Engineer: 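Have a look at this one before I ask anything.
In this chain, residues are counted from 1 in sequence order. Because the structure is predicted, anything quoted here is derived from the model rather than measured.
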Amino acid sequence: MTDIRELLLSRIRDVTDYPEPGVTFKDITPLLADPAAFTALTDTLAEIAGRTGATKVVGLEARGFILGAPVAVRAGLGFIPVRKAGKLPGATLSQAYDLEYGSAEIEVHAEDLGGNDRILIVDDVLATGGTAEAAIRLIHRAGAEVAGVAVLMELGFLGGRGRLEPALDGAPLEALLQV
């Protein structure tokens, strides 16, 4: 696992003062542009899906789509997008959640999840955990079980893990990199 971590870290670019002064943005686009690194990431996340017994992968808008869809294909599972409110046609379940300054809302097609489903949530970064926690609530409301959460990178100083652990109720939270 050390080799994959080194490979992934070597392909993540720090962008200082983005999106605002004092913030260092972790840009994963160089990783996505490198087929060996992207394949290694996809394979590792697909292994996590297998270990958790997931039956479907949920990707969180928007970079969770980029990571989650190939993970689902590699693991032989279905892929479910969780989108910002108003982006999915037809009947949806929605979940509001608080942000540092304001609130947001995400949605999923409820018919895509069922009582026999075990869902692995995939995203690029775990920061404060608000979006992932809202996704966990949505999955439970749809009658499915959360098999776990898998992220490329966890920004530990923002406390997202502590926020998610009660909602996960023992399901694993795996971060390939911790910053």
Engineer: Is atom CG of Asp17 surrounded by more than 12 heavy atoms (other residues, nucleotides or ligands) closer than 6.0 Å?
Structural biologist: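 More than 12 within 6.0 Å, yes.
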Engineer: Any non-hydrogen side-chain atom of Leu126 less than 4.5 Å from a side-chain atom of Leu173?
Structural biologist: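 With C-beta onward as the side chain, the pair touches.
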Engineer: Among pairs that include at least one residue of residues 74-92, which meet salt bridge (Lys or Arg N to Asp or Glu O under 4.0 Å), considering only residues two or more places apart or in two chains?
Structural biologist: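 Applying salt bridge (Lys or Arg N to Asp or Glu O under 4.0 Å) to every pair that reaches into residues 74-92, excluding sequence neighbours, yields Asp43-Arg74, Glu61-Arg83.
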Engineer: Which pair of non-hydrogen atoms, one from Pro172 and one from Thr52, has the smallest distance, and what is that distance?
Structural biologist: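 It is CG-CG2, 3.9 Å.
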Engineer: Got a sec, which residues hit salt bridge (Lys or Arg N to Asp or Glu O under 4.0 Å) with Arg13, two or more places apart in sequence or on another chain?
Structural biologist: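 Counting only residues at least two positions away or on another chain, Arg13 forms a salt bridge (Lys or Arg N to Asp or Glu O under 4.0 Å) with Asp27.
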Engineer: Look up atom CG in Asp169 and atom CD1 in Ile136, then write down how far apart they are to the nearest 0.5 Å.
Structural biologist: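 Nearest 0.5 Å value for the CG-CD1 distance: 10.0 Å.
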Engineer: Give me each pair satisfying salt bridge (Lys or Arg N to Asp or Glu O under 4.0 Å) with a member in residues 32-42, each pair once, sequence neighbours excluded.
Structural biologist: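 Residue pairs with at least one partner in residues 32-42: Arg11-Asp34.
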Engineer: For Leu177, give me all partners under side chain to side chain contact (heavy atoms under 4.5 Å, CB included), at least two apart in sequence or on another chain.
Structural biologist: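 Partners of Leu177 under the side chain to side chain contact (heavy atoms under 4.5 Å, CB included) test: Arg5, Leu8, Leu9, Ile12, Leu152, Met153.
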Engineer: Are Leu176 and Phe157 grouped together when hydrophobic residues (ILVMFWY) are joined by side-chain heavy atoms under 4.5 angstrom apart?
Structural biologist: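 Yes, Leu176 and Phe157 fall within the same hydrophobic cluster.
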Engineer: When clusters are formed by joining ILVMFWY residues with side-chain heavy atoms under 4.5 Å apart, either directly or through shared neighbours, do Leu168 and Ile80 land in the same one?
Structural biologist: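 They do share one cluster, since a chain of ILVMFWY contacts under 4.5 Å joins Leu168 to Ile80.
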Engineer: Hey, does Val58 have a side-chain heavy atom less than 4.5 Å from the side chain of Val122?
Structural biologist: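 A side-chain contact under 4.5 Å is absent here.
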Engineer: Can you name the residues that form a side chain to side chain contact (heavy atoms under 4.5 Å, CB included) with Gln178, not counting sequence neighbours?
Structural biologist: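 Partners of Gln178 by the side chain to side chain contact (heavy atoms under 4.5 Å, CB included) criterion, ordered by chain and then number, come out as Glu154, Arg161, Ala175.
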Engineer: Run the side-chain hydrogen bond (donor to acceptor under 3.5 Å, both in side chains) test against Thr55 and tell me which residues pass, sequence neighbours left out.
Structural biologist: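 In terms of side-chain hydrogen bond (donor to acceptor under 3.5 Å, both in side chains), with neighbours along the sequence ignored, Thr55 is linked to Asp117.
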Engineer: Run through Ile119, Ile121, Ile106, Thr92 and flag the one making a side chain to side chain contact (heavy atoms under 4.5 Å, CB included) with Val82.
Structural biologist: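 It is Ile106; the other options fail the test.
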Engineer: One pair to check against side-chain contact (heavy atoms from CB on, under 4.5 Å): Val15 and Thr24. What are the steps and the verdict?
Structural biologist: CA-CA 5 Å; Val15 180; Thr24 300; over 6 Å; no
Engineer: Identify the heavy atoms of Leu60 and Ala135 that sit nearest to each other, and give their distance.
Structural biologist: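 Closest approach of Leu60 to Ala135, heavy atoms only: CD2-CB, 3.6 Å.
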Engineer: Mind checking side chain to side chain contact (heavy atoms under 4.5 Å, CB included) for Arg137 and listing every partner two or more places apart, or none if nothing turns up?
Structural biologist: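 For Arg137, the residues satisfying side chain to side chain contact (heavy atoms under 4.5 Å, CB included) (neighbours in sequence not counted) are Gln95, Glu133.
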Engineer: The criterion is salt bridge (Lys or Arg N to Asp or Glu O under 4.0 Å); which residues satisfy it with Asp14, sequence neighbours excluded?
Structural biologist: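 Here the qualifying residues are Lys26.
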Engineer: If I compare all heavy atoms of Phe79 with all of Ala69, which pair ends up nearest, and what's the gap?
Structural biologist: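 Of all heavy-atom pairs spanning Phe79 and Ala69, the closest is CE1-N, 3.4 Å.
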Engineer: Just one of Asp123, Thr29, Asp124 clears the side-chain hydrogen bond (donor to acceptor under 3.5 Å, both in side chains) bar with Arg63, so which one?
Structural biologist: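 Of Asp123, Thr29, Asp124, side-chain hydrogen bond (donor to acceptor under 3.5 Å, both in side chains) with Arg63 is met by Asp124 alone.
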Engineer: Dump the intermediate steps for side chain to side chain donor-acceptor pair (under 3.5 Å) on Tyr97 and Thr131, then the final yes or no.
Structural biologist: CA-CA 7 Å; Tyr97 61 100; Thr131 307; 3.1 Å; yes
Engineer: Report, one line per pair, each donor and acceptor closer than 3.5 Å where one atom sits in a side chain of residues 108-116; sequence neighbours left out.
Structural biologist:
from, atom 1, to, atom 2, distance (Å)
His109, NE2, Pro89, O, 2.4

Engineer: Which residue pairs pass the ring-ring contact (aromatic ring centres under 6.0 Å, His included) test when at least one of the two sits in residues 159-179, sequence neighbours left out?
Structural biologist: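 For residues 159-179: none.
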Engineer: According to a hydrophobic-cluster definition based on side-chain heavy atoms being under 4.5 Å apart (Ile, Leu, Val, Met, Phe, Trp, Tyr only), do Leu45 and Ile4 belong together?
Structural biologist: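 Same cluster: Leu45 reaches Ile4 through Ile, Leu, Val, Met, Phe, Trp or Tyr contacts under 4.5 Å.
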Engineer: Of all heavy-atom pairs between Ala147 and Arg118, which one has the smallest distance, and what is that distance?
Structural biologist: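 Heavy atoms only, the tightest pair is CB-NH2, 3.5 Å.
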Engineer: Which atoms form the tightest heavy-atom contact between Val57 and Gly68, and what is the distance?
Structural biologist: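 Result for this residue pair: CG1-O, 3.7 Å.
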Engineer: Looking only at non-hydrogen atoms, find the nearest pair between Val151 and Val125 and report the distance.
Structural biologist: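 Nearest pair, atom of Val151 first, then Val125: CG1-C, 4.4 Å.
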Engineer: May I have all residue pairs that pass ring-ring contact (aromatic ring centres under 6.0 Å, His included) and include part of residues 17-48, sequence neighbours excluded?
Structural biologist: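 Output for this query lists Tyr18-Phe25.
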Engineer: Using the test side chain to side chain contact (heavy atoms under 4.5 Å, CB included), find all partners of Ala85 that sit at least two apart in sequence or belong to another chain.
Structural biologist: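 With neighbours one apart ignored, the set is Glu105, Glu107.
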Engineer: Kindly say whether Ala36 contributes a backbone atom to a donor-acceptor pair with the side chain of Thr39 at under 3.5 angstrom?
Structural biologist: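 Looks like no, no N/O pair under 3.5 Å.
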